[in-house]
Chemist: 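What follows is a structure written as C-alpha coordinates; I'll ask about it next.
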2 protein chains.
Amino acid sequence: MSRQTDRAMTPRLSRAGIVDAALDLVDRSGPAGLSMRALGNHLGVEAMSLYRHVHGKEDLLEGVVDLLTSELTEVMEREAEEHWQTFLQNVAHAVREIAITHPLAFPLIATRHPAAPWLRPPLRSIEAVDILLRVLLAHGFSDEQAVRAYRGFSSFLLGQLLLEAAVRGADVGGAGAASGTGEPSFSGQGEDDLDDAPQVRRLRPLLSEDHSKEEFETALEVLLDRLEAELSP
Amino acid sequence: MSRQTDRAMTPRLSRAGIVDAALDLVDRSGPAGLSMRALGNHLGVEAMSLYRHVHGKEDLLEGVVDLLTSELTEVMEREAEEHWQTFLQNVAHAVREIAITHPLAFPLIATRHPAAPWLRPPLRSIEAVDILLRVLLAHGFSDEQAVRAYRGFSSFLLGQLLLEAAVRGADVGGAGAASGTGEPSFSGQGEDDLDDAPQVRRLRPLLSEDHSKEEFETALEVLLDRLEAELSP
DNA sequence: ACCTGAACACCGTTCAAGT
DNA sequence: ACCTGAACACCGTTCAAGT
(Lines give C-alpha, C1' and ligand atoms only; values in the text may rest on other atoms or scores of the structure.)
Protein backbone atom coordinates (compact mmCIF):
# COMPACT_ATOMS: atom_id res chain seq x y z
CA MET A 1 0.00 0.00 0.00
CA SER A 2 2.19 2.80 1.23
CA ARG A 3 5.83 3.09 0.23
CA GLN A 4 8.27 1.19 2.40
CA THR A 5 11.80 -0.14 2.31
CA ASP A 6 12.54 -3.70 1.18
CA ARG A 7 12.79 -5.52 4.45
CA ALA A 8 11.53 -3.54 7.39
CA MET A 9 8.44 -1.45 7.89
CA THR A 10 9.52 2.04 8.86
CA PRO A 11 7.67 2.52 12.11
CA ARG A 12 5.00 5.16 11.73
CA LEU A 13 5.11 6.01 15.39
CA SER A 14 7.87 7.12 17.72
CA ARG A 15 7.95 8.53 21.20
CA ALA A 16 9.28 11.85 19.92
CA GLY A 17 6.58 12.12 17.28
CA ILE A 18 3.87 11.24 19.76
CA VAL A 19 5.11 13.78 22.30
CA ASP A 20 5.33 16.44 19.59
CA ALA A 21 1.76 15.79 18.58
CA ALA A 22 0.65 15.83 22.21
CA LEU A 23 2.20 19.25 22.76
CA ASP A 24 0.47 20.38 19.60
CA LEU A 25 -2.88 19.29 20.96
CA VAL A 26 -2.28 20.92 24.34
CA ASP A 27 -1.23 24.14 22.63
CA ARG A 28 -4.49 24.19 20.74
CA SER A 29 -7.01 23.17 23.35
CA GLY A 30 -5.29 22.87 26.71
CA PRO A 31 -4.53 19.81 28.80
CA ALA A 32 -8.23 18.91 28.85
CA GLY A 33 -8.11 18.55 25.06
CA LEU A 34 -5.44 15.88 25.25
CA SER A 35 -6.77 12.35 25.36
CA MET A 36 -5.09 9.19 24.19
CA ARG A 37 -7.91 8.68 21.73
CA ALA A 38 -7.82 12.21 20.35
CA LEU A 39 -4.07 11.95 20.07
CA GLY A 40 -4.27 8.66 18.19
CA ASN A 41 -6.85 10.15 15.89
CA HIS A 42 -4.59 13.17 15.32
CA LEU A 43 -1.81 10.79 14.30
CA GLY A 44 -4.00 8.63 12.11
CA VAL A 45 -3.72 5.65 14.40
CA GLU A 46 -5.77 3.88 17.06
CA ALA A 47 -5.24 5.04 20.64
CA MET A 48 -3.99 1.63 21.72
CA SER A 49 -1.01 1.84 19.40
CA LEU A 50 0.43 4.66 21.48
CA TYR A 51 1.07 2.32 24.38
CA ARG A 52 3.90 0.66 22.47
CA HIS A 53 5.87 3.92 22.63
CA VAL A 54 4.65 5.64 25.73
CA HIS A 55 4.01 4.10 29.12
CA GLY A 56 0.67 5.79 29.62
CA LYS A 57 -0.82 9.22 29.86
CA GLU A 58 1.26 10.18 32.86
CA ASP A 59 4.43 9.33 30.97
CA LEU A 60 3.15 11.20 27.94
CA LEU A 61 2.63 14.39 29.95
CA GLU A 62 6.06 13.93 31.45
CA GLY A 63 7.37 13.79 27.89
CA VAL A 64 5.60 17.00 26.97
CA VAL A 65 7.10 18.80 29.96
CA ASP A 66 10.55 17.44 29.11
CA LEU A 67 10.17 18.59 25.52
CA LEU A 68 9.25 22.07 26.69
CA THR A 69 12.16 22.32 29.09
CA SER A 70 14.84 20.58 27.01
CA GLU A 71 15.39 23.75 25.05
CA LEU A 72 15.87 25.52 28.35
CA THR A 73 18.64 23.20 29.49
CA GLU A 74 20.44 23.82 26.22
CA VAL A 75 20.31 27.56 26.82
CA MET A 76 21.70 27.05 30.29
CA GLU A 77 24.59 24.95 29.05
CA ARG A 78 25.36 27.51 26.37
CA GLU A 79 25.32 30.46 28.79
CA ALA A 80 27.08 28.79 31.71
CA GLU A 81 30.29 30.77 31.14
CA GLU A 82 28.61 34.16 31.33
CA HIS A 83 28.56 36.36 34.40
CA TRP A 84 25.90 35.12 36.79
CA GLN A 85 23.67 38.13 36.24
CA THR A 86 23.75 37.73 32.47
CA PHE A 87 23.19 34.01 32.93
CA LEU A 88 20.10 34.45 35.09
CA GLN A 89 18.80 37.14 32.74
CA ASN A 90 19.09 34.86 29.75
CA VAL A 91 17.62 31.87 31.52
CA ALA A 92 14.71 34.00 32.73
CA HIS A 93 14.04 35.19 29.20
CA ALA A 94 14.25 31.66 27.85
CA VAL A 95 11.64 30.50 30.37
CA ARG A 96 9.45 33.46 29.51
CA GLU A 97 9.73 32.54 25.84
CA ILE A 98 8.38 29.08 26.65
CA ALA A 99 5.52 30.54 28.67
CA ILE A 100 4.60 32.90 25.86
CA THR A 101 4.78 30.45 22.99
CA HIS A 102 2.99 27.70 24.94
CA PRO A 103 0.61 29.50 27.31
CA LEU A 104 -1.79 26.58 27.56
CA ALA A 105 0.99 24.07 28.21
CA PHE A 106 3.02 26.15 30.64
CA PRO A 107 0.86 25.32 33.66
CA LEU A 108 1.91 21.69 33.17
CA ILE A 109 5.48 22.70 33.94
CA ALA A 110 4.33 24.56 37.02
CA THR A 111 1.77 22.19 38.41
CA ARG A 112 2.92 18.62 37.77
CA HIS A 113 4.83 17.07 40.62
CA PRO A 114 8.55 17.19 39.98
CA ALA A 115 10.65 14.03 40.23
CA ALA A 116 12.49 15.16 43.35
CA PRO A 117 11.24 17.40 46.13
CA TRP A 118 14.07 19.90 45.73
CA LEU A 119 13.33 20.43 42.05
CA ARG A 120 11.33 23.63 41.92
CA PRO A 121 9.35 24.42 38.79
CA PRO A 122 9.86 25.86 36.29
CA LEU A 123 13.35 24.34 36.58
CA ARG A 124 12.40 20.69 36.48
CA SER A 125 15.58 18.75 35.73
CA ILE A 126 18.46 17.91 38.00
CA GLU A 127 20.77 18.92 35.18
CA ALA A 128 19.28 22.41 34.94
CA VAL A 129 19.47 22.97 38.68
CA ASP A 130 23.05 21.73 38.74
CA ILE A 131 24.12 24.16 36.04
CA LEU A 132 22.45 27.03 37.82
CA LEU A 133 24.08 26.21 41.14
CA ARG A 134 27.45 25.74 39.46
CA VAL A 135 27.29 29.17 37.82
CA LEU A 136 26.40 30.88 41.07
CA LEU A 137 29.06 29.05 43.06
CA ALA A 138 31.65 29.91 40.42
CA HIS A 139 30.95 33.60 41.01
CA GLY A 140 31.46 33.64 44.73
CA PHE A 141 28.07 32.58 46.07
CA SER A 142 28.30 30.50 49.21
CA ASP A 143 26.35 27.24 49.32
CA GLU A 144 23.59 28.88 51.30
CA GLN A 145 23.49 31.93 49.07
CA ALA A 146 23.33 29.81 45.93
CA VAL A 147 20.45 27.73 47.25
CA ARG A 148 18.60 30.84 48.40
CA ALA A 149 19.12 32.42 45.00
CA TYR A 150 17.80 29.31 43.29
CA ARG A 151 14.68 29.43 45.44
CA GLY A 152 14.07 33.13 44.87
CA PHE A 153 14.65 32.76 41.16
CA SER A 154 12.18 29.92 40.73
CA SER A 155 9.48 31.62 42.81
CA PHE A 156 9.88 34.76 40.77
CA LEU A 157 9.62 32.94 37.43
CA LEU A 158 6.62 30.93 38.50
CA GLY A 159 4.57 33.80 39.88
CA GLN A 160 5.32 36.12 37.01
CA LEU A 161 4.95 33.69 34.14
CA LEU A 162 2.02 31.63 35.34
CA LEU A 163 -0.05 34.79 35.49
CA GLU A 164 1.21 36.00 32.14
CA ALA A 165 0.52 32.60 30.57
CA ALA A 166 -2.99 32.59 32.06
CA VAL A 167 -3.80 35.89 30.40
CA ARG A 168 -2.41 34.81 27.03
CA GLY A 169 -3.93 31.36 27.35
CA ALA A 170 -7.37 32.86 27.85
CA ASP A 171 -7.00 34.65 24.53
CA VAL A 172 -5.99 31.48 22.74
CA GLY A 173 -8.88 29.40 23.94
CA GLY A 174 -8.66 28.93 27.69
CA ALA A 175 -10.31 25.83 29.10
CA GLY A 176 -11.56 24.72 25.70
CA ALA A 177 -14.52 27.08 25.73
CA ALA A 178 -16.05 27.60 22.31
CA SER A 179 -15.79 31.25 21.37
CA GLY A 180 -17.63 33.04 18.64
CA THR A 181 -20.86 31.12 18.81
CA GLY A 182 -23.31 31.40 21.68
CA GLU A 183 -23.61 34.66 23.58
CA PRO A 184 -23.40 37.55 21.15
CA SER A 185 -21.48 40.25 23.03
CA PHE A 186 -21.54 39.37 26.70
CA SER A 187 -18.05 40.49 27.61
CA GLY A 188 -17.62 38.50 30.82
CA GLN A 189 -20.08 37.18 33.37
CA GLY A 190 -19.20 39.47 36.25
CA GLU A 191 -20.02 42.65 34.44
CA ASP A 192 -22.85 44.00 36.57
CA ASP A 193 -21.19 42.96 39.83
CA LEU A 194 -19.04 45.99 39.21
CA ASP A 195 -21.75 48.08 40.88
CA ASP A 196 -20.40 46.97 44.24
CA ALA A 197 -16.79 47.46 43.20
CA PRO A 198 -16.36 51.13 42.37
CA GLN A 199 -12.56 51.09 42.34
CA VAL A 200 -12.39 48.10 40.04
CA ARG A 201 -14.93 49.72 37.75
CA ARG A 202 -13.11 53.03 37.70
CA LEU A 203 -9.71 51.41 37.18
CA ARG A 204 -10.85 48.79 34.73
CA PRO A 205 -8.97 50.29 31.77
CA LEU A 206 -5.80 50.43 33.85
CA LEU A 207 -6.34 46.92 35.16
CA SER A 208 -6.82 45.62 31.63
CA GLU A 209 -3.60 47.09 30.30
CA ASP A 210 -0.93 44.53 29.61
CA HIS A 211 2.43 45.54 31.01
CA SER A 212 3.69 42.00 31.50
CA LYS A 213 6.89 42.60 29.55
CA GLU A 214 8.00 45.64 31.56
CA GLU A 215 6.85 44.14 34.83
CA PHE A 216 8.86 41.04 34.14
CA GLU A 217 11.96 43.05 33.34
CA THR A 218 11.78 45.29 36.37
CA ALA A 219 10.92 42.46 38.75
CA LEU A 220 13.89 40.55 37.36
CA GLU A 221 16.11 43.60 37.91
CA VAL A 222 14.89 43.89 41.47
CA LEU A 223 15.63 40.24 42.13
CA LEU A 224 19.13 40.44 40.65
CA ASP A 225 19.89 43.59 42.63
CA ARG A 226 18.75 41.92 45.80
CA LEU A 227 20.93 38.90 45.11
CA GLU A 228 23.91 41.09 44.40
CA ALA A 229 23.40 43.07 47.59
CA GLU A 230 23.24 39.87 49.58
CA LEU A 231 26.33 38.57 47.83
CA SER A 232 28.65 41.42 48.87
CA PRO A 233 27.17 43.22 51.84
CA MET B 1 -38.03 5.31 56.72
CA SER B 2 -35.75 7.96 58.14
CA ARG B 3 -36.98 10.69 60.44
CA GLN B 4 -38.52 13.69 58.74
CA THR B 5 -40.81 16.59 59.54
CA ASP B 6 -44.57 16.36 58.99
CA ARG B 7 -44.98 17.96 55.60
CA ALA B 8 -41.78 18.45 53.72
CA MET B 9 -38.81 16.20 53.24
CA THR B 10 -35.75 17.97 54.58
CA PRO B 11 -33.50 17.95 51.53
CA ARG B 12 -30.53 15.73 52.16
CA LEU B 13 -28.42 17.65 49.68
CA SER B 14 -27.46 21.30 49.39
CA ARG B 15 -24.96 23.19 47.30
CA ALA B 16 -22.97 24.12 50.39
CA GLY B 17 -22.83 20.56 51.64
CA ILE B 18 -21.83 19.25 48.23
CA VAL B 19 -19.07 21.83 47.87
CA ASP B 20 -17.83 21.06 51.39
CA ALA B 21 -17.62 17.38 50.57
CA ALA B 22 -15.89 18.14 47.28
CA LEU B 23 -13.20 20.16 49.03
CA ASP B 24 -12.83 17.28 51.45
CA LEU B 25 -12.22 14.86 48.61
CA VAL B 26 -9.74 17.19 46.91
CA ASP B 27 -7.89 17.69 50.19
CA ARG B 28 -7.51 13.97 50.53
CA SER B 29 -6.63 12.86 47.01
CA GLY B 30 -6.19 15.92 44.84
CA PRO B 31 -8.34 17.23 41.99
CA ALA B 32 -7.92 13.92 40.15
CA GLY B 33 -9.67 12.17 43.02
CA LEU B 34 -12.79 14.28 42.61
CA SER B 35 -15.42 12.75 40.36
CA MET B 36 -19.15 13.28 40.42
CA ARG B 37 -19.60 9.60 41.10
CA ALA B 38 -17.05 9.44 43.90
CA LEU B 39 -18.58 12.56 45.40
CA GLY B 40 -22.08 11.10 45.26
CA ASN B 41 -20.80 7.95 46.85
CA HIS B 42 -19.09 9.99 49.56
CA LEU B 43 -22.44 11.66 50.28
CA GLY B 44 -24.43 8.43 50.19
CA VAL B 45 -26.28 9.42 47.06
CA GLU B 46 -26.22 8.70 43.33
CA ALA B 47 -24.05 10.99 41.23
CA MET B 48 -27.00 12.22 39.20
CA SER B 49 -28.62 13.74 42.27
CA LEU B 50 -25.84 16.29 42.47
CA TYR B 51 -27.00 17.97 39.28
CA ARG B 52 -30.06 19.35 41.08
CA HIS B 53 -27.79 21.53 43.22
CA VAL B 54 -24.74 22.12 41.11
CA HIS B 55 -24.61 22.99 37.43
CA GLY B 56 -21.90 20.49 36.61
CA LYS B 57 -18.36 19.70 37.49
CA GLU B 58 -17.06 23.05 36.32
CA ASP B 59 -19.51 24.83 38.58
CA LEU B 60 -18.59 22.49 41.43
CA LEU B 61 -14.91 23.37 41.14
CA GLU B 62 -15.84 27.02 41.01
CA GLY B 63 -17.71 26.46 44.25
CA VAL B 64 -14.68 24.85 45.86
CA VAL B 65 -12.49 27.80 44.88
CA ASP B 66 -15.09 30.25 46.18
CA LEU B 67 -15.29 28.36 49.45
CA LEU B 68 -11.53 28.51 49.84
CA THR B 69 -11.34 32.21 49.11
CA SER B 70 -14.48 33.36 50.91
CA GLU B 71 -12.64 33.30 54.21
CA LEU B 72 -10.02 35.49 52.58
CA THR B 73 -12.51 38.17 51.59
CA GLU B 74 -13.74 38.26 55.17
CA VAL B 75 -10.22 38.89 56.41
CA MET B 76 -9.82 41.69 53.91
CA GLU B 77 -13.03 43.36 54.99
CA ARG B 78 -12.03 43.07 58.62
CA GLU B 79 -8.56 44.53 58.05
CA ALA B 80 -9.49 47.25 55.59
CA GLU B 81 -9.00 50.02 58.14
CA GLU B 82 -5.43 49.06 58.98
CA HIS B 83 -2.36 50.72 57.55
CA TRP B 84 -1.72 49.40 54.06
CA GLN B 85 1.42 47.53 55.10
CA THR B 86 -0.35 45.78 57.96
CA PHE B 87 -3.26 45.08 55.65
CA LEU B 88 -1.09 43.44 52.98
CA GLN B 89 0.81 41.51 55.64
CA ASN B 90 -2.38 40.09 57.08
CA VAL B 91 -3.86 39.27 53.70
CA ALA B 92 -0.64 37.56 52.68
CA HIS B 93 -0.67 35.46 55.81
CA ALA B 94 -4.32 34.57 55.30
CA VAL B 95 -3.57 33.35 51.77
CA ARG B 96 -0.62 31.38 53.04
CA GLU B 97 -2.85 29.79 55.65
CA ILE B 98 -5.14 28.57 52.87
CA ALA B 99 -2.21 27.20 50.88
CA ILE B 100 -0.89 25.34 53.91
CA THR B 101 -4.15 23.85 55.11
CA HIS B 102 -5.26 22.89 51.59
CA PRO B 103 -2.06 22.16 49.67
CA LEU B 104 -3.76 19.83 47.20
CA ALA B 105 -6.59 22.25 46.52
CA PHE B 106 -4.54 25.43 46.33
CA PRO B 107 -3.44 24.87 42.71
CA LEU B 108 -7.11 25.13 41.76
CA ILE B 109 -7.09 28.73 42.94
CA ALA B 110 -3.98 29.40 40.95
CA THR B 111 -4.73 27.54 37.77
CA ARG B 112 -8.44 27.83 37.02
CA HIS B 113 -9.32 30.66 34.69
CA PRO B 114 -10.65 33.62 36.62
CA ALA B 115 -13.99 35.18 35.70
CA ALA B 116 -12.44 38.39 34.42
CA PRO B 117 -9.06 38.88 32.79
CA TRP B 118 -7.93 41.45 35.35
CA LEU B 119 -8.61 39.14 38.27
CA ARG B 120 -5.22 37.72 39.15
CA PRO B 121 -5.05 34.61 41.30
CA PRO B 122 -4.88 34.03 44.17
CA LEU B 123 -7.22 37.04 44.51
CA ARG B 124 -10.13 35.73 42.52
CA SER B 125 -13.11 37.90 43.37
CA ILE B 126 -13.93 41.41 42.22
CA GLU B 127 -14.83 42.21 45.80
CA ALA B 128 -11.39 41.22 47.10
CA VAL B 129 -9.59 43.22 44.44
CA ASP B 130 -11.79 46.21 45.13
CA ILE B 131 -11.00 46.17 48.83
CA LEU B 132 -7.29 45.90 48.15
CA LEU B 133 -7.32 48.78 45.71
CA ARG B 134 -9.41 50.87 48.08
CA VAL B 135 -6.98 50.38 50.96
CA LEU B 136 -4.00 51.34 48.82
CA LEU B 137 -5.71 54.39 47.35
CA ALA B 138 -6.75 55.51 50.83
CA HIS B 139 -3.10 55.61 51.84
CA GLY B 140 -1.86 57.81 49.04
CA PHE B 141 -1.19 55.36 46.24
CA SER B 142 -1.94 56.80 42.84
CA ASP B 143 -4.11 54.76 40.49
CA GLU B 144 -1.08 53.48 38.65
CA GLN B 145 0.80 52.71 41.85
CA ALA B 146 -2.16 50.83 43.29
CA VAL B 147 -2.57 48.70 40.19
CA ARG B 148 1.14 47.99 40.07
CA ALA B 149 1.11 47.02 43.73
CA TYR B 150 -1.82 44.69 43.13
CA ARG B 151 0.08 43.00 40.31
CA GLY B 152 3.28 42.63 42.29
CA PHE B 153 1.43 41.34 45.31
CA SER B 154 -0.44 38.64 43.39
CA SER B 155 2.68 37.46 41.54
CA PHE B 156 4.53 37.23 44.81
CA LEU B 157 1.81 35.21 46.52
CA LEU B 158 1.39 32.86 43.60
CA GLY B 159 5.05 32.07 43.09
CA GLN B 160 5.79 31.63 46.75
CA LEU B 161 2.72 29.66 47.79
CA LEU B 162 2.30 27.45 44.77
CA LEU B 163 5.77 26.07 45.38
CA GLU B 164 5.20 25.72 49.09
CA ALA B 165 1.88 23.98 48.50
CA ALA B 166 3.53 21.63 46.00
CA VAL B 167 6.06 20.51 48.58
CA ARG B 168 3.43 20.01 51.28
CA GLY B 169 1.02 18.42 48.84
CA ALA B 170 3.61 15.84 47.85
CA ASP B 171 3.83 14.79 51.48
CA VAL B 172 0.09 14.43 51.81
CA GLY B 173 -0.36 12.23 48.79
CA GLY B 174 0.50 14.14 45.65
CA ALA B 175 -1.18 12.98 42.43
CA GLY B 176 -3.01 10.21 44.19
CA ALA B 177 -0.01 7.91 44.23
CA ALA B 178 -0.29 5.07 46.69
CA SER B 179 2.50 5.30 49.21
CA GLY B 180 3.68 2.64 51.60
CA THR B 181 3.04 -0.35 49.42
CA GLY B 182 5.03 -1.11 46.29
CA GLU B 183 8.70 -0.15 46.08
CA PRO B 184 10.28 -0.79 49.47
CA SER B 185 12.87 1.98 49.89
CA PHE B 186 13.40 3.59 46.50
CA SER B 187 13.66 7.18 47.62
CA GLY B 188 12.89 8.91 44.32
CA GLN B 189 13.46 7.85 40.73
CA GLY B 190 16.24 10.25 39.80
CA GLU B 191 18.60 9.07 42.48
CA ASP B 192 21.50 7.76 40.40
CA ASP B 193 21.25 10.64 37.92
CA LEU B 194 22.96 12.58 40.66
CA ASP B 195 26.27 11.24 39.34
CA ASP B 196 26.12 13.88 36.62
CA ALA B 197 25.00 16.59 39.01
CA PRO B 198 27.76 17.01 41.58
CA GLN B 199 26.50 20.30 42.99
CA VAL B 200 22.99 19.02 43.47
CA ARG B 201 24.36 15.91 45.13
CA ARG B 202 26.66 17.86 47.39
CA LEU B 203 23.98 20.40 48.30
CA ARG B 204 21.17 17.93 48.63
CA PRO B 205 20.77 18.36 52.39
CA LEU B 206 20.66 22.12 51.95
CA LEU B 207 18.24 21.84 49.05
CA SER B 208 15.96 19.61 51.09
CA GLU B 209 15.72 21.97 54.04
CA ASP B 210 12.39 23.67 54.35
CA HIS B 211 12.71 27.40 54.93
CA SER B 212 9.42 28.32 53.34
CA LYS B 213 8.21 30.26 56.37
CA GLU B 214 11.26 32.53 56.61
CA GLU B 215 11.51 32.90 52.85
CA PHE B 216 7.91 33.96 52.70
CA GLU B 217 8.38 36.53 55.43
CA THR B 218 11.51 38.08 53.99
CA ALA B 219 10.17 38.11 50.44
CA LEU B 220 7.06 39.82 51.75
CA GLU B 221 9.22 42.37 53.56
CA VAL B 222 11.17 43.03 50.39
CA LEU B 223 7.98 43.54 48.43
CA LEU B 224 6.51 45.93 50.99
CA ASP B 225 9.75 47.91 51.17
CA ARG B 226 9.81 48.21 47.41
CA LEU B 227 6.22 49.42 47.35
CA GLU B 228 6.93 51.96 50.06
CA ALA B 229 10.01 53.25 48.23
CA GLU B 230 7.98 53.65 45.09
CA LEU B 231 5.22 55.37 47.02
CA SER B 232 7.33 58.23 48.36
CA PRO B 233 10.50 58.54 46.27
C1' DA C 1 7.62 -5.86 15.10
C1' DC C 2 4.03 -3.14 14.98
C1' DC C 3 -0.84 -2.02 14.93
C1' DT C 4 -5.85 -3.20 16.03
C1' DG C 5 -10.67 -4.99 17.97
C1' DA C 6 -12.87 -6.07 21.62
C1' DA C 7 -13.39 -5.53 26.28
C1' DC C 8 -13.20 -3.57 31.14
C1' DA C 9 -13.77 -0.21 34.49
C1' DC C 10 -14.30 4.10 34.76
C1' DC C 11 -15.90 9.25 33.47
C1' DG C 12 -19.68 13.56 32.90
C1' DT C 13 -24.26 14.40 31.72
C1' DT C 14 -29.31 13.97 30.34
C1' DC C 15 -33.91 12.61 30.94
C1' DA C 16 -37.83 9.98 31.71
C1' DA C 17 -39.40 7.61 35.59
C1' DG C 18 -40.22 6.75 40.38
C1' DT C 19 -41.55 8.26 45.42
C1' DA D 1 -39.67 18.41 45.17
C1' DC D 2 -36.20 15.52 45.27
C1' DC D 3 -33.71 11.35 44.03
C1' DT D 4 -32.76 7.37 40.76
C1' DG D 5 -32.09 3.86 36.61
C1' DA D 6 -30.97 3.52 32.36
C1' DA D 7 -28.60 5.32 28.68
C1' DC D 8 -25.15 8.00 25.81
C1' DA D 9 -20.79 9.50 24.52
C1' DC D 10 -16.76 9.69 26.16
C1' DC D 11 -12.24 8.27 29.02
C1' DG D 12 -7.44 5.20 30.10
C1' DT D 13 -5.68 0.74 29.74
C1' DT D 14 -5.02 -4.39 28.78
C1' DC D 15 -4.54 -8.26 25.95
C1' DA D 16 -5.29 -11.63 22.61
C1' DA D 17 -5.48 -11.40 17.81
C1' DG D 18 -4.19 -9.95 13.27
C1' DT D 19 -0.62 -8.51 9.48
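Quick note on labels: first sequence line is chain A, next is B, and so on, each numbered from 1.
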Chemist: Scan the side chains in residues 33-51 of chain A for donor-acceptor partners under 3.5 Å anywhere in the protein, sequence neighbours excluded, and list what turns up.
Modeler:
residue  : atom : partner  : partner atom : Å
Ser35(A) : OG   : Ala38(A) : N            : 2.9
Ser49(A) : OG   : Glu46(A) : O            : 3.1

Chemist: Please check the phosphate of dT4(D) (OP1 and OP2 only) for any side-chain N or O of Ser49(B) closer than 4.0 Å.
Modeler: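 So the side-chain polar atoms of Ser49(B) do come within 4.0 Å of the phosphate oxygens OP1 or OP2 of dT4(D), strictly under.
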Chemist: Return the set of residues passing side chain to side chain donor-acceptor pair (under 3.5 Å) with Arg201(B) (not counting sequence neighbours), or none when no residue passes.
Modeler: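 By the side chain to side chain donor-acceptor pair (under 3.5 Å) rule, Arg201(B) matches Asp195(B).
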Chemist: Tell me the closest heavy-atom pair linking Pro31(A) and Val26(A), and the distance in Å.
Modeler: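 Pro31(A) and Val26(A) have their closest heavy atoms at N-CG1, 3.9 Å.
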Chemist: Under the salt bridge (charged side-chain N to carboxylate O under 4.0 Å, His left out) test, which residues partner Arg15(A), sequence neighbours left out?
Modeler: Asp59(A)
Chemist: What pair of heavy atoms forms the shortest contact from Leu220(B) to Ala92(B), and how long is it?
Modeler: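 In terms of heavy atoms, the two residues are closest at CD2-CB, 3.8 Å.
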Chemist: Please list, in numerical order, the residues of residues 16-24 of chain B that have a heavy atom closer than 4.0 Å to any atom of DNA chain D.
Modeler: none
Chemist: Identify, with sequence neighbours excluded, every residue that meets salt bridge (charged side-chain N to carboxylate O under 4.0 Å, His left out) alongside Asp66(B).
Modeler: none
Chemist: Can you pull the salt bridge (Lys or Arg N to Asp or Glu O under 4.0 Å) pairs that have at least one residue in residues 107-119 of chain B, sequence neighbours excluded?
Modeler: Glu58(B)-Arg112(B), Glu62(B)-Arg112(B)
Chemist: Could you name each residue pair satisfying side chain to side chain donor-acceptor pair (under 3.5 Å) that touches residues 153-162 of chain B, not counting sequence neighbours?
Modeler: Arg120(B)-Ser154(B), Arg120(B)-Ser155(B)
Chemist: May I have all residue pairs that pass side chain to side chain donor-acceptor pair (under 3.5 Å) and include part of residues 91-104 of chain A, sequence neighbours excluded?
Modeler: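 Qualifying pairs, neighbours excluded: Asp27(A)-His102(A), His93(A)-Glu217(A), Arg96(A)-Glu164(A).
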Chemist: Whole angstrom is fine here: how far is it from CG in Asn41(B) over to C1' in dT4(D)?
Modeler: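 It works out to 15 Å between those atoms.
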Chemist: Classify every nucleotide of nucleotides 6-12 of chain D by which part a protein heavy atom approaches to under 4.0 Å, writing B for the base, S for the sugar-phosphate alone and - for neither, in 5'-to-3' order.
Modeler: BB---BB
Chemist: Sequence neighbours left out, what passes ring pair (Phe, Tyr, Trp, His ring centres under 6.0 Å) with Phe156(A)? Give chain and number order.
Modeler: Phe216(A)
Chemist: Please tell me which of Val45(A) and Arg52(B) maps to the more 5' nucleotide of DNA chain C, matching each residue to the nucleotide holding its nearest heavy atom.
Modeler: Val45(A)
Chemist: Considering residues at least two apart in sequence or located in another chain, which fulfil the salt bridge (charged side-chain N to carboxylate O under 4.0 Å, His left out) criterion with Arg202(A)?
Modeler: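 With neighbours one apart ignored, the set is Asp143(B).
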Chemist: Whole angstroms only, please: what is the CD-C1' distance between Glu46(A) and dT4(C)?
Modeler: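 To the nearest whole Å, that distance equals 6 Å.
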Chemist: When the distance from CG of Leu43(B) to P of dC3(D) is rounded to whole Å, what number comes out?
Modeler: 11 Å
Chemist: In dot-bracket form, 5' to 3', how is DNA chain C paired? Count Watson-Crick and G-U wobble pairs only if both distances fall under 3.5 Å, and write | where the partner sits on another strand.
Modeler: ||.|||||...|||||.||
Chemist: Just N and O in the side chain of His53(A): are any of them under 4.0 Å from OP1 or OP2 of dC3(C)?
Modeler: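 Yes, within the criterion.
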